[in-house]
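Here, residue 1 is the first one in the sequence, and each next residue gets the next number. Bear in mind the structure is a predicted one, so any value in this text is a computation, not a measurement.
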Amino acid sequence: MTRLTGSALRLTVFVGENDTWRRKPLYTEIVHRAHAAGLAGASVFRGIEGFGASSLIHTSRLLSLSEDLPVAVVVVDTEERVRAFLPELDELVTEGMVTLDPCEVIRYVGRGQRHGEKRSESRSENPDDSGTKGKKSL
């Protein structure tokens, strides 16, 4: 597991929910590439309303014609690692916005871990159990 505390860089990618990359949601591709690059973590947030460079308002309100809601993919890691990942986005993001913000990580602890404990020190009854629940990545 990546250890991360103190100064970090937050990458936020704003795209549309219907944006795709090779018939998969674009936000999914960004998350999977961030994972493959070994970044500390990535989360996807779905907006309920917004507009971008096109000035077209996208909303989840019932009678709206727009269903392409705004989506934000947020990645936090060291500045070096986030900047090394940016060329991946050049290929993927053809519409939308990419921002970088400095931030400070106060706590970064995975499931099944105690604060300050490395993953290899985690207690597990099953030696194959990495302490994660749900779907495991390939």
Side-chain angles (χ1 to χ4, degrees):
M1 182 183 95
T2 303
R3 295 189 70 172
L4 184 63
T5 55
S7 295
L9 196 61
R10 179 178 47 232
L11 164 68
T12 307
V13 182
F14 298 93
V15 294
E17 184 178 35
N18 293 337
D19 292 347
T20 59
W21 174 259
R22 297 187 179 166
R23 291 176 279 162
K24 290 190 333 189
L26 177 58
Y27 58 85
T28 298
E29 184 66 18
I30 295 169
V31 168
H32 285 260
R33 288 197 187 193
H35 184 261
L39 293 173
S43 296
V44 178
F45 300 94
R46 183 178 188 226
I48 57 172
E49 189 165 12
F51 71 94
S54 70
S55 293
L56 179 64
I57 293 179
H58 303 274
T59 182
S60 62
R61 282 184 276 145
L62 216 73
L63 298 175
S64 173
L65 297 176
S66 174
E67 294 178 1
D68 188 21
L69 296 172
V71 172
V73 181
V74 179
V75 176
V76 176
D77 207 321
T78 64
E79 180 172 358
E80 179 182 356
R81 293 172 67 92
V82 169
R83 290 194 183 278
F85 182 68
L86 292 178
E88 295 272 351
L89 297 178
D90 289 338
E91 177 186 11
L92 296 174
V93 181
T94 57
E95 295 177 357
M97 181 169 61
V98 178
T99 64
L100 294 172
D101 300 293
C103 63
E104 183 178 357
V105 175
I106 304 300
R107 184 172 179 165
Y108 178 63
V109 180
R111 283 194 182 122
Q113 284 182 277
R114 286 184 243 129
H115 185 65
E117 178 181 58
K118 294 180 186 175
R119 179 158 314 271
S120 60
E121 297 170 352
S122 294
R123 294 183 187 151
S124 174
E125 294 175 16
N126 180 352
D128 294 330
D129 181 17
S130 64
T132 60
K133 294 180 182 178
K135 183 179 173 184
K136 293 187 178 182
S137 298
L138 298 177

Roughly how far, to the nearest 0.5 Å, is the [atom2] atom of [Y] from the [atom1] atom of [X]?
| X | Y | atom1 | atom2 | value |
| --- | --- | --- | --- | --- |
| L39 | I30 | CG | CD1 | 12.0 Å |
| S7 | E104 | OG | CD | 6.5 Å |
| R83 | T78 | CZ | OG1 | 11.0 Å |

Output side-chain donor-acceptor pairs under 3.5 Å for residues 90-98, partner residues at least two apart or in another chain, one line each.
| from | atom 1 | to | atom 2 | distance (Å) |
| --- | --- | --- | --- | --- |
| E91 | OE1 | R33 | NH1 | 2.9 |

What residues form a side-chain contact (heavy atoms from CB on, under 4.5 Å) with [X], not counting sequence neighbours?
| X | answer |
| --- | --- |
| A84 | none |
| A42 | V31, A34, V75 |
| P25 | Y27, T28 |

Under 3.5 Å, side chain of T20 to main-chain N/O of R23, donor-acceptor pair present?
no
Any donor-acceptor pair under 3.5 Å linking the side chain of D77 with the backbone of V82?
no
Closest heavy-atom pair, I48 versus L69, reported as atoms and distance to 0.1 Å, is O-CD2, 3.9 Å
Between G41 and Y108, which heavy-atom pair has the shortest distance, and what is it?
N-OH, 4.3 Å
Show your working on side-chain contact (heavy atoms from CB on, under 4.5 Å) between V76 and C103 and close with a plain yes or no.
CA-CA 8 Å; V76 176; C103 63; 3.9 Å; yes
Measure the shortest side-chain to side-chain distance between V71 and F45 over non-hydrogen atoms and say whether it is less than 4.5 angstrom.
no
Applying salt bridge (Lys or Arg N to Asp or Glu O under 4.0 Å), which residue pairs with at least one partner in residues 35-44 are found, sequence neighbours left out?
none
Walk me through whether I106 and T5 qualify under side-chain contact (heavy atoms from CB on, under 4.5 Å).
CA-CA 6 Å; I106 304 300; T5 55; over 6 Å; no
Side chains of residues 10-19: which donor-acceptor pairs under 3.5 Å do they make with residues two or more places apart or in other chains?
| from | atom 1 | to | atom 2 | distance (Å) |
| --- | --- | --- | --- | --- |
| E17 | OE1 | R46 | NH2 | 3.4 |
| E17 | OE2 | R46 | NE | 2.7 |
| E17 | OE2 | R46 | NH2 | 3.4 |
| D19 | OD2 | G16 | N | 2.9 |

